[in-house]
Structures are given as structure tokens and as C-alpha cells.
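Everything below concerns the one structure shown next.
Each chain gets a letter, A, B and so on, in the order its sequence line appears, and its residues count up from 1. Worth knowing before you read on, the calculation uses all heavy atoms, side chains too, and leaves out hydrogens, waters and symmetry mates.
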2 protein chains.
Amino acid sequence: MFKLAAELRYGQAMRLSRESVLKGAFAILDRYGLADLTMRRLAAELGIQPGGLYWHFANKQTLLAAMADQITGSDRFTEPDRFMGETGWRPELQMVSTRLRSALLAHRDGAELVAAGYALRPGSGQPLERMTKIIQQAGLGDHDAAAAAATLTHFVLGHAAEVQAHDQLRRAGALPDDHDQFPDPDAAFTTGLEIVLDGIAARCSAVNAAPSTPRSRAR
Amino acid sequence: MFKLAAELRYGQAMRLSRESVLKGAFAILDRYGLADLTMRRLAAELGIQPGGLYWHFANKQTLLAAMADQITGSDRFTEPDRFMGETGWRPELQMVSTRLRSALLAHRDGAELVAAGYALRPGSGQPLERMTKIIQQAGLGDHDAAAAAATLTHFVLGHAAEVQAHDQLRRAGALPDDHDQFPDPDAAFTTGLEIVLDGIAARCSAVNAAPSTPRSRAR
DNA sequence: ACCTGAACACCGTTCAAGT
DNA sequence: ACCTGAACACCGTTCAAGT
């Protein structure tokens with residue numbers, strides 16, 4: 001009898017799963033940021049002891065990698081390959097980049113999290129692989145396509161990280177009221193994206209113009 | 001008498017300065033990596049108690065920022081403005097980018113360090129400001145020049161971070177003997193740099209061709 | 001001026017033991 | 001199978017007190 005009462009009070013409220021632990025981790029991330037996402041704090045949020053977490057995840061690194069995978073590996077990038085018919089490589093690349101940006105910005109410190117548990121490792125880097133394929137279909141060779149996709153990824157990741165670092169400064173109150181002393185990140189993203197896409201376009205036409213000497217550059 | 005002996009043994013070996021603390025910090029960084037660069041470890045390396053460090057630097061963040069500034073703010077970027085005469089914006093941008101890459105790769109985890117204590121904040125972002133000026137002289141407006149410089153910086157930083165993350169994996173022995181399953185980072189850098197520079201060139205000619213409608217894009 | 005000694009409030013991780 | 005309890009080996013930072 002007493003035991004039952006004790007269980008109602010102190011017993012497990014509900015058995016946890018990998019998914020519920022991940023959910024709790026995202027809750028802390030979004031509310032308090034990556035710096036405050038500690039194993040002990042997460043355990044407290046979930047109502048268990050710190051050690052209990054290690055039944056679900058081998059270590060913190062694995063947990064963070066799973067979070068990064070969830071951000072970067074959402075179905076948005078694996079979506080119907082030819083959903084929009086033959087729109088060409090440029091709008092496709094633009095779409096993947098924009099969606100990756102949105103995915104990174106959807107969670108507080110999302111870019112830092114993904115950059116830390118590197119998104120570029122195979123398997124998780126779904127947007128990277130998607131970009132590489134699109135660029136290959138645009139006519140670039142394997143090496144060039146990989147380098148171009150990496151360049152695009154670095155830009156998107158760096159841009160999102162910069163935006164979120166700026167968010168963090170504002171939260172800390174260390175900014176002069178903002179408005180636009182840091183002139184419009186959306187416009188900067190659009191411009192940067194156009195620059196990279198134009199650069200890829202230039203390399204494509206260079207290859208198409210002189211297939212035997214891919215080193216030649218358009219002037 | 002005993003006091004003198006005691007001082008010879010346990011007294012200060014040599015008064016520390018901000019510079020010597022920085023030097024010790026770089027020594028640990030290069031030998032053991034950023035993860036092992038702790039205030040306690042640094043104090044031990046310098047032969048003082050952990051608390052003693054806080055006379056020289058307000059906190060760890062300030063120390064790391066000073067290290068990032070030293071990497072990113074070396075004189076290499078402020079060098080003679082017209083040392084190479086009128087070589088044009090492209091080789092100038094190429095030079096600054098290449099030197100920034102070298103500076104980041106010169107210290108273990110240099111890219112991560114610079115990315116964390118953001119190199120993009122004014123004052124420390126000397127390469128960023130240098131790039132912006134060069135691009136402005138190439139004909140782009142303030143906003144476009146800033147966006148282009150940020151794009152270039154994100155590429156260089158992201159590339160270097162990727163290279164060093166790869167180095168770390170190899171050190172941990174978690175890689176299949178390397179050779180070139182990760183095909184030549186130097187070539188990937190050259191290709192990525194050309195892509196971004198071509199993109200900037202495209203934007204320049206778009207502006208020059210139609211100054212009143214800078215939205216038009218070269219085809 | 002520069003540092004010690006000692007404490008405070010944290011970390012991630014392990015592991016026997018409980019249920 | 002899933003978690004507790006308790007420990008281990010760390011952190012960054014503060015601050016009175018020494019010299």
C-alpha cells in the first residue's frame with residue numbers, strides 16, 4: 001500500500017525512449033541555448049538521474065549528433081526528386097540551400113550544433129549529397145561538383161551561424177537596439193547565394209565550352 | 001636564509017605577462033588541441049595556480065578572443081595596400097583568402113577557435129574589412145560588397161574547419177589510412193575560391209552593365 | 001602588482017545495485 | 001529493460017590573504 005503511494009510519488013512517471021530524450025533535449029536547446037544543454041540539466045528536465053541518460057545515448061556527443069541529424073536530415077531534402085519537373089539545376093540548388101537555412105534557423109543555435117557534429121560526414125550530410133548530385137547533373141565532374149557543394153554548404157552554414165551568433169548577442173543585451181546596423185541578413189543571404197550560384201554557373205559554362213581543358217576560366 | 005631558499009624553490013619562477021600567458025595557451029593549443037585548453041591546464045603549464053590567470057585575463061572567453069585576434073589580425077592582412085601595384089581586385093582577394101587560410105591552418109583547431117570567438121566582429125575582422133574594401137573598389141555597392149566579403153569569409157573559415165576536423169579524426173585513428181578518400185583539400189580550396197571569385201565577378205559586370213538595375217544577372 | 005589557497009557551483013561519465 | 005545512488009575526475013570563477 002505504502003509502496004504504491006511511494007511509486008505514485010517517486011516512481012517512474014513514464015518510461016523514457018530515445019525519442020522522448022531527444023524531444024527534451026530540443027526543448028532545452030530552444031529555450032536556453034546550446035551552452036545550457038548539459039546532461040545533468042536534461043536529466044532534471046526529464047525527471048531522472050544524470051546516469052540514467054546513458055542507457056539511451058552512449059554519451060553527449062552521440063546525443064548532439066542525433067540532434068544534428070534530425071535538423072539536417074529532415075525529409076525536406078529527400079523530397080520527390082522531380083517534384084517540380086525540369087526546372088534546372090539553379091532553382092533546385094536555390095531551394096535546397098534555402099531549406100537548409102530554414103532548418104538551421106528553426107532551432108536556437110542550430111547552425112553551431114550542426115557545425116560541431118559535422119554535417120559533412122557521410123550519411124547525415126543529406127543536403128550536401130543532394131547538392132553534389134544536382135551539380136553533377138549540371139555538368140561538372142565529381143571533384144568539381146564535390147568542391148562546389150562544399151562551398152555552398154560552408155556559405156549556408158556560416159551565414160546561419162553568424163545570424164544566430166548575432167541573436168545571442170542581442171539576447172545578452174550587448175547590442176544598440178539593433179534595427180539594421182547589421183543590414184538585413186535575408187538580403188545578405190540572397191546576395192551570397194546568387195554569388196555562389198553564379199560562380200557555379202561560370203564553372204559549368206567553362207567546362208561546356210572547353211571540355212578537354214576544364215582549367216580555362218570565363219572572362 | 002631559509003626564506004631565500006624557499007623562494008628559490010617555490011617562489012615565482014618569473015613574473016608572467018599577458019603575452020607569456022598567450023604564448024603558453026598557444027603551446028597547449030598546438031600540442032593538445034582546443035578541447036584540452038583549460039584554464040587549469042594552462043595554469044599548470046605556466047607554473048601558477050588557476051586563480052592567478054584571472055589577473056591577466058578577465059575570463060576564458062577573453063583569452064580565446066585574444067588568441068583568435070592574434071591569428072586573424074596578423075600584419076599579413078594590413079600589409080602595404082598597393083604593394084603589388086595595380087593587379088586588380090581578383091588577385092588581391094585571392095591573396096587575402098589564401099593568407100587567411102594559412103593563418104587558420106597554422107594552429108591546431110585554429111578555424112574552430114576563430115569561428116567561436118567570432119572573427120566577424122568589427123576590429124578583429126581585419127581580413128573581412130580588407131575584403132570588403134577590395135570588393136568596393138571593384139565596383140560593388142556597400143551592401144553587396146559586405147555580403148560578398150561575408151560569403152568569401154564563410155567559405156574560407158568553413159573549408160579550414162572541415163580540414164582540421166578531418167585532421168582530428170585522423171589523429172583519433174578513426175580513419176581508413178587516409179591517402180585521398182577525402183580528395184585533396186588544396187584542390188577543393190582552389191576550386192571553391194574560384195567559384196566565389198567568379199560569382200563576385202559576375203555581380204560586378206551585372207552592376208557595370210546596368211548601373212540603375214543592379215538586380216539584373218549575367219547569363 | 002602578481003599570485004596563493006581554498007572554496008563554490010558546476011560538469012560528463014561510470015557502475016554496482018535496485019525494481 | 002530502465003533507472004537510482006553514489007562516486008570519480010574534472011571544469012570556470014571568485015576572493016580573501018599573502019608577498
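- Taking 4.0 angstrom as the limit, H56(B) places none of its side-chain polar atoms (N or O) nearer than this to OP1 or OP2 of dA1(C).
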Would R108(A) and R171(A) satisfy side-chain contact (heavy atoms from CB on, under 4.5 Å), going step by step from the backbone distance to the final call?
CA-CA 12 Å; R108(A) 167 125 72 130; R171(A) 249 183 287 261; 3.0 Å; yes
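- Ring geometry for F155(B) against F189(B) counts as parallel: the plane angle stays under 30°, on a 0 to 90° scale with 60° as the upper cut.
- In this structure, of dT13(C), dT13(D), dC3(C), it is dC3(C) that holds the atom nearest to the side chain of I48(B).
- Rounded to the nearest 0.5 Å, atoms CD (E162(B)) and CG (L157(B)) are 12.0 Å apart.
- Summary of the strand contacts: R40(A) and G52(A) both lie near DNA chain C, and taking for each the nucleotide with the nearest heavy atom, the more 5' one is attributed to R40(A).
- One finds a salt bridge joining R203(A) and D144(A) here, because a Lys/Arg side-chain nitrogen approaches an Asp/Glu carboxylate oxygen to under 4.0 Å.
- Protein atom CZ of R18(A) is 16 Å distant from nucleotide atom P of dA1(D), rounded to whole Å.
- In this structure, K60(A) places its NZ atom 15 Å from P of dC11(D), rounding to the nearest Å.
- The side chain of M39(B) has dG12(D) as its nearest neighbour among dT4(D), dC11(C), dG12(D).
- The side chain of Q49(A) sits closest to dT4(D) out of dA7(C), dT4(D), dC3(D).
- Atom pair D36(A):CG and dC10(C):C1' shows a separation of 12 Å (rounding to whole Å applied).
- Y54(B) places its OH atom 9 Å from the C1' atom of dC11(D), with the value rounded to the nearest Å.
- Pair assignment for dC10(D) gives none, since no Watson-Crick or G-U wobble pairing has each distance under 3.5 Å.
- Taking atom CG of L53(A) as the reference point, atom P of dC15(C) lies 17 Å away to the nearest angstrom.
- When the C1' atom is used for both dA7(C) and dC11(D), the distance is 14 Å, rounded to whole Å.
- The interatomic distance linking L42(A) (CG) with dG12(C) (P) rounds to 10 Å, in whole Å.
- E45(A) has no carboxylate O lying under 4.0 Å from a charged side-chain N of K23(A), or vice versa, which leaves the two without a salt bridge.
- Across all strands shown, dA16(C) pairs with dT4(D); the Watson-Crick or G-U wobble distances both stay below 3.5 Å.
- Picking from dC2(D), dC3(C), dG12(D) the nucleotide with the shortest atom distance to the side chain of W55(B) gives dC3(C).
- The side chain of R15(B) lies closest to dC2(C), out of dC3(D), dT14(D), dC2(C).
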